2 protein chains.
Amino acid sequence: MASVTIMDVARKAGVSKKTVSRVINNEANVRPQTKEKVQAAIDELGFKRNPLGMALAKNRSLFIALLADNPSPGYLMNLQKGILQACTEEHMGLFLYDCQYRSPSLVEEIQTFIENTLADGLILVPPLSDKVELLDMLDRKGVSYVRIGTKDTKRGDFVGSNTTKAAFDMTEYLIKLKHRHIGFILGHPDQASSKRTEQGFREAHAKAGIPVDESLIAQGYYTHQSGVDAAMTLLNKTPRPTVIFASNDEMAVGALCEAQSRGIKVPEELSIAGIDDISITTKVWPNITTMRQPLNSIGYTAASTLIRRLQKKPLEQSEEAFVNQLFDCELVIRQSTKTYVG
Amino acid sequence: MASVTIMDVARKAGVSKKTVSRVINNEANVRPQTKEKVQAAIDELGFKRNPLGMALAKNRSLFIALLADNPSPGYLMNLQKGILQACTEEHMGLFLYDCQYRSPSLVEEIQTFIENTLADGLILVPPLSDKVELLDMLDRKGVSYVRIGTKDTKRGDFVGSNTTKAAFDMTEYLIKLKHRHIGFILGHPDQASSKRTEQGFREAHAKAGIPVDESLIAQGYYTHQSGVDAAMTLLNKTPRPTVIFASNDEMAVGALCEAQSRGIKVPEELSIAGIDDISITTKVWPNITTMRQPLNSIGYTAASTLIRRLQKKPLEQSEEAFVNQLFDCELVIRQSTKTYVG
DNA sequence: AACATATTTGACACCGGTGTCAATTGAGTT
DNA sequence: AACTCAATTGACACCGGTGTCAAATATGTT
């Protein structure tokens, strides 16, 4: 409780507050021997700079906030882990803010949050990262942010994965397994990633010279339940698809549920595939074949991008091009997919 | 950016800084008409108090931290949601800190974290909440905390659920379903909740006058994989258990995986039950019967308990008894359990 | 040795609020 | 109208740091 202040150190080292400040900030133009003297005092007294005092003086709070709408626990958790790792390394704190994407007052709520906490910057997770009104507000207020998700409009810093390619690769793989009736579950129509997965799905068909079976495309919303519902629709079609490829794992697991509840054997009678590689894919039987999205790295990169951005002067920032980093996904073959044998 | 300060308001209202401060803190002894005048200026200028200035002056940062070791994504997510809700209502920020329970320098790392952020208080999630060295350090430094989990030692504020009763109720239910060979997967031996679930399991047997089949008790560690492993052991026994009751859902799902990979039909040939009611229980087929732990409420209660504690003076605090709130769990019957028919 | 220049250092105001305490104001009494 | 006492208000220092700028010191030159 009786915390050591910068003044205590200054007195002990026989220098001024400012000089101590210089040492702890590693500023140039401090004579080595002075620096040593001060450092000794710091060590001896166990001084730690009070982040609040610094924040007030510098008008920089040393923490960033993660804005999320809790899409799927696994997805968010993985991101969060990467983000936290970067924050810890850079001595930044991470604030959490949970929002309701659907709330009509979303933008105001977030604005209030920012004012209440003075977070230096924000990390936006889909579907928030696609919300134009939100980005407008942040730009207007001059708040730095990094968007995570699927590359859509060029706007601000962005980190995500190559969703089109992920869907393409998976579709190609399924085609290689001789599947010709591929049921496809679309993502949420409002989210950028949705168009991308569909695009990849179609491109792979085109490349293989196989027509897309339009009747086997069902709408989904990235939720487990929407996967169940879409699978229900697809499994009622004749001929039945021999594989269901969902735009994310959450829905793939939903499809698995629906298949199993009907007594359809996976993968013998139906293959199932998803995208993301969230933890649940290996917690169900059979484990789900998926495209691994490096969420941990994405989170890490997003956070360190944001932190680096914050360290630059606002002027520099506006002149420099925005970061736009895309990771590739990797095919992870598990037990839920199998060669189709007519 | 050009933020409005308390001085701006003071000038506009023709009063002193301090009077404005009184108004925004709703202090007594401000003449109504003065208050009105100030409030008008505040509204007109759109003034928001800078939390950093306040934090520095009051030596209270207005945020608390959630320390977690990410046991199961679903578990943590639910808690987090409740915690965040309470924080939002009380205008508190929530910091996140991810730690490695196993790290030998855990205590120092957490200490550094506290010093770096000046969080007013901490919320501890199992297994952190059982870690004595950590509690010692926090007590020594005078940091307020609330522990979440299973009631063990009386130490600090505590919020959790009645684990013994949960295990008791589930066991009783399984016995009512005529199961006599109940496979039981223990929790992590280091965590307090483990003893409690075992206790409840045994008490239910005792009450029903049925002996516990000791050969059907397997060690688990609360992880999915440990559930798989324990189920493997149990399913190799003769006679095979007719139901597997795991100390948490994560392991129950693991057991389900193992059963399904062996081609054992659940619930026809084997029933499965867990505790917690995390989201995955309804994302697998069949849905898992479980004891619903009100994690959201627990998180909410923990956070508001902590916040209320922080609002009291340290002196008062040490004199007052600690909060110790236990929630009851509720039996949620789903498709994974079924009456045993010899 | 005297001077010009570069490097180091410190005094002081300031970031945006709050606590203390004395000064001012208003109400109630005689 | 003068006086007492409580309610209201403001001046000022302070929380723990940083930025500015001028003063002090060190270094290099002739």
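In the text below, chain A, chain B and the rest are named by the order of the sequence lines, each starting its count at 1. Model, not experiment: these values are computed from the prediction.
- Judged purely by atom type and a 3.5 angstrom limit, A:T301 uses its side chain to pair as donor or acceptor with the backbone of A:S297.
- Nearest-nucleotide positions on DNA chain C place A:P32 closer to the 5' end than the other of B:F47 and A:P32.
- Summary of the strand contacts: B:K35 and B:A57 both lie near DNA chain D, and taking for each the nucleotide with the nearest heavy atom, the more 5' one is attributed to B:K35.
- Put simply, chain B comes within 4.0 Å of DNA chain C, heavy atom to any atom, from C:dG16 to C:dG26, going 5' to 3'.
- Donor-acceptor pairing under 3.5 Å is recorded for the side chains of B:S103 and B:E109.
- Test A:K131, A:K141, A:R155 against A:D136 for salt bridge (charged side-chain N to carboxylate O under 4.0 Å, His left out) and you get one pass: A:R155.
- Here A:K48 lies in heavy-atom contact (under 4.0 Å) with sugar-phosphate atoms only.
- Using a cutoff of 4.0 Å between basic side-chain nitrogens and carboxylate oxygens, A:D157 and A:R147 are not scored as salt-bridged.
- With the nearest nucleotide of DNA chain D identified for both B:G53 and B:V30, B:V30 has the one nearer the 5' end.
- Relative orientation of the B:F95 and B:F63 rings is perpendicular, given thresholds of 30° and 60° on the angle between their planes.
- Nearest approach of B:L79 to B:L295, heavy atoms of both residues: CD2-O, 3.4 Å.
- The distance from atom NZ of A:K18 to atom C1' of D:dA24 is 17 Å, rounded to the nearest whole Å.
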